[in-house]
There are 2 protein chains.
Amino acid sequence: MSLNDRKIQILQAIINDYIETAEPVGSRTIAKKYNLGISSATIRNEMSDLEEMGFIMQPHASSGRIPSDLGYRLYVDHLMQKRELSNEEERYLQSLISRDINQIDYLMEETAKAISALTNYTTFISEPVGQRAKIKQIRLLPLDMVSILLVIVTEDNFMKNHVIKLGVVPEEERIFEVGFYLNRAFQGYALEQIDQTVIRRLQYELGEYKGLLIPIFKALEITMEAAEKVQVHMSGTKNILAFPEFSDISKAKSLFQTLEEKDVLVTLLEESKSNDLQILIGSENTVQSMKDCSVITATYKLSDDTRGTIGIVGPTRMDYSQVVSVLNGMVQNIERVLRNLTDNNKDG
Amino acid sequence: MSLNDRKIQILQAIINDYIETAEPVGSRTIAKKYNLGISSATIRNEMSDLEEMGFIMQPHASSGRIPSDLGYRLYVDHLMQKRELSNEEERYLQSLISRDINQIDYLMEETAKAISALTNYTTFISEPVGQRAKIKQIRLLPLDMVSILLVIVTEDNFMKNHVIKLGVVPEEERIFEVGFYLNRAFQGYALEQIDQTVIRRLQYELGEYKGLLIPIFKALEITMEAAEKVQVHMSGTKNILAFPEFSDISKAKSLFQTLEEKDVLVTLLEESKSNDLQILIGSENTVQSMKDCSVITATYKLSDDTRGTIGIVGPTRMDYSQVVSVLNGMVQNIERVLRNLTDNNKDG
DNA sequence: ATTAGCACTCGTAGCAAGTGAGTGCTAACA
DNA sequence: TGTTAGCACTCACTTGCTACGAGTGCTAAT
């Protein structure tokens, strides 16, 4: 029993129809709707074979067939054809590009919204995270009567400000001077590289201001941690409720629960970071509540090791072809916008 | 026909029972469960009166009664007794206080999570926003070979950094010098207060660096806009699905839709900012998809005009008493943590 | 004023019959 | 030998019916 052309045509018909209608597909439907030039009886025989091979299955004894995870896998790997973006979709993407986006988190938010609006699936996206952060600038500024401002910038332009409260604030000139020393000492180093020798030298050079080192190291820690923390944005969770496969509230609820746990999403996105495009179908997912879903992820790159990932969750009966084309378009889009953005303006 | 003591007892019984069970309450249930010393027939007569007065209603002809929005209103305004927080709840709040929280958004996130975990209702919370922002500090720092860093801090310590790309970066000393001029010129002013005279003087003083003024004004605009933008955090949306009143998926969906639109939430929170505690029951809500819900909001204050709001959405059959006590506890908590936080460290 | 009793209402659970979409099998056909 | 028509069978789903029970409103007795 081999997977001949006709079987593949039939499988394709079943998958297309099922993606569209969410109803089990019978032999007669295929005979009528898809002109394969064979009768429903023949289709029945072929379907019986396809079922034996594991590509389709029956939800109950006398019903039509639905694709199995294996069937979708075959479809995704070999049958699915690349779809071009429709005019409407193209316009949507364009409108996003042309708008004046000047902040990463805003870009992420808008991208997630656009994708979930286009596809009707739940979308989540992680901000680009690069290699282990090195210090590019560390500066002190006067702030007010009781505190000074510490600005820390990493090599990849992630930055964070910290207010350091002091009993007595030195005069402006002294603040800048101390800041200058600090910058000389820290510039170019990762936090781990700063050893006792450096610290001792600093303590000496700072003199009466060496007490500053404690809050400064704390601020550095916080900054570096934040620089390496993956931020996730999500949109379109409500769409889940529109799919008949989640009309069972308890199923919907457990998926919602999972989506509310950012850790799970971060892990999911991080794991797929090495692939440009990854499709996990039903049981291929490791998270229990997603065993009935498919997850498609696409990775965008800012540089070779600065990457982020977009993910989409939907029922296994998902319009894979559409999602893949939208994701591809969006990756290009996001890479372009990000390249502009990081060249001009980046803050965290 | 007056609202005598007995009627009130019966109404209270109906509301308590309905909040607990979500089932219409019959006269016999009340007679058995709540020892009011009267028979079910008497209760029936009183219920008939209560219905006529509009405090309760029947979902269909021969069923028990459920409270109407008016009934809940009476309950909330006059009958509900303040509940003390349970030990468990107290512990939850304490655990939040004691943890080392150093960022506003993290505090918001955690607070929302805690409240939704304690109450099982969906929680959203807005970050504290103060009066129209004045500039406290505006400074320039060297960043790298092609850009300098502009740091803007408002009076209430909201801050934002901007990268300004230049063809040729001046030497460090000149950057600080120009920054000094800028700071002198802008300090203490709101963006609107800066008029042509000031700008002309600046152009003169900056000399060859007057081209900087364009990106600086753009950065100022972005910063001030962001300073005044209300950030909303949300948690526990999934809980909605657990309530029988949302077992109708389409209802749940429309509520989800609303909750995904931040604008609506912001408006809602902003509108209730002037009240310490506000309860909107069912039809009292202006948003259509919330006409079946109750929304309770509590406002926390950092200073007289720096405020934020916590909101809770649930079915009208909500445990008002619990929610109010949790919110009260949380407002105190959040005010304490925020006071510490803004004294020591604040960034945006 | 209160209550016991009773007829009445109405949503819901359970059951039986009918319907239709779909299958598998067999025998005839090209 | 592959294809197809025909047929019996399966099974979810709908419809209509009945029985049940929780609950009400009304009336008459206390």
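Small disclaimer: the values here were computed from a predicted structure and weren't measured. Proteins get letters first, then strands, A, B, ... in listed order; numbering begins at 1 in each.
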Check against ring pair (Phe, Tyr, Trp, His ring centres under 6.0 Å), A:F256 and B:F256:
CA-CA 12 Å; A:F256 269 93; B:F256 269 93; 4.8 Å; yes

Can you tell me which residue among B:E52, B:E51, B:E46 is in a salt bridge (Lys or Arg N to Asp or Glu O under 4.0 Å) with B:K7?
B:E46

Salt bridge (Lys or Arg N to Asp or Glu O under 4.0 Å), paired with A:R317, selected from A:E20, A:E23, A:E245:
A:E245

Rounded distance (Å) that lies between atom [atom2] of [N] and atom [atom1] of [X]:
X: B:M47; N: D:dA22; atom1: CE; atom2: P; result: 15 Å
X: A:L36; N: D:dT4; atom1: CG; atom2: P; result: 11 Å
X: A:N45; N: D:dT4; atom1: CG; atom2: C1'; result: 9 Å
X: A:D49; N: D:dG2; atom1: CG; atom2: C1'; result: 13 Å

Taking salt bridge (Lys or Arg N to Asp or Glu O under 4.0 Å) as the test, write out the residues that go with B:D319, two or more places apart.
none

Can you name the nearest heavy-atom pair linking B:I125 to B:L269, along with the distance?
C-CD1, 4.2 Å

Those residues of residues 22-33 of chain A lying under 4.0 Å from DNA chain D by at least one heavy atom:
none

Rounded to the nearest 0.5 Å, what separates atom OG1 in A:T42 from atom CD1 in A:I30?
12.0 Å

Rounded distance [0.5 Å steps], CD in A:E284 versus CG in A:L70
9.0 Å

For the residue pair A:F243 and A:Y121, categorise the inter-ring angle as parallel (less than 30°), tilted (30 to 60°) or perpendicular (more than 60°).
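Rings of A:F243 and A:Y121: parallel, under 30°.
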
Examine the base of D:dT3 for any acceptor or donor lying under 3.5 Å from a partner atom in the side chain of A:T42, and report the outcome as yes or no.
no

Pairing of A:E89 and A:R83 as salt bridge, 4.0 angstrom limit
yes

Checking all strands, does B:A61 fall into the base, sugar-phosphate, or nothing category for heavy-atom contacts under 4.0 angstrom?
sugar-phosphate

Tell me whether the OP1 or OP2 atom of D:dT3 has a side-chain N or O from A:R6 closer than 4.0 Å.
yes

Opening and closing nucleotides of DNA chain C in contact with chain A, under 4.0 Å to non-hydrogen atoms
C:dG22 to C:dG24

Where each residue is assigned the nucleotide of DNA chain C containing its nearest heavy atom, which of B:S62 and B:S39 is assigned the position nearer the 5′ end?
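Result: B:S39.
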
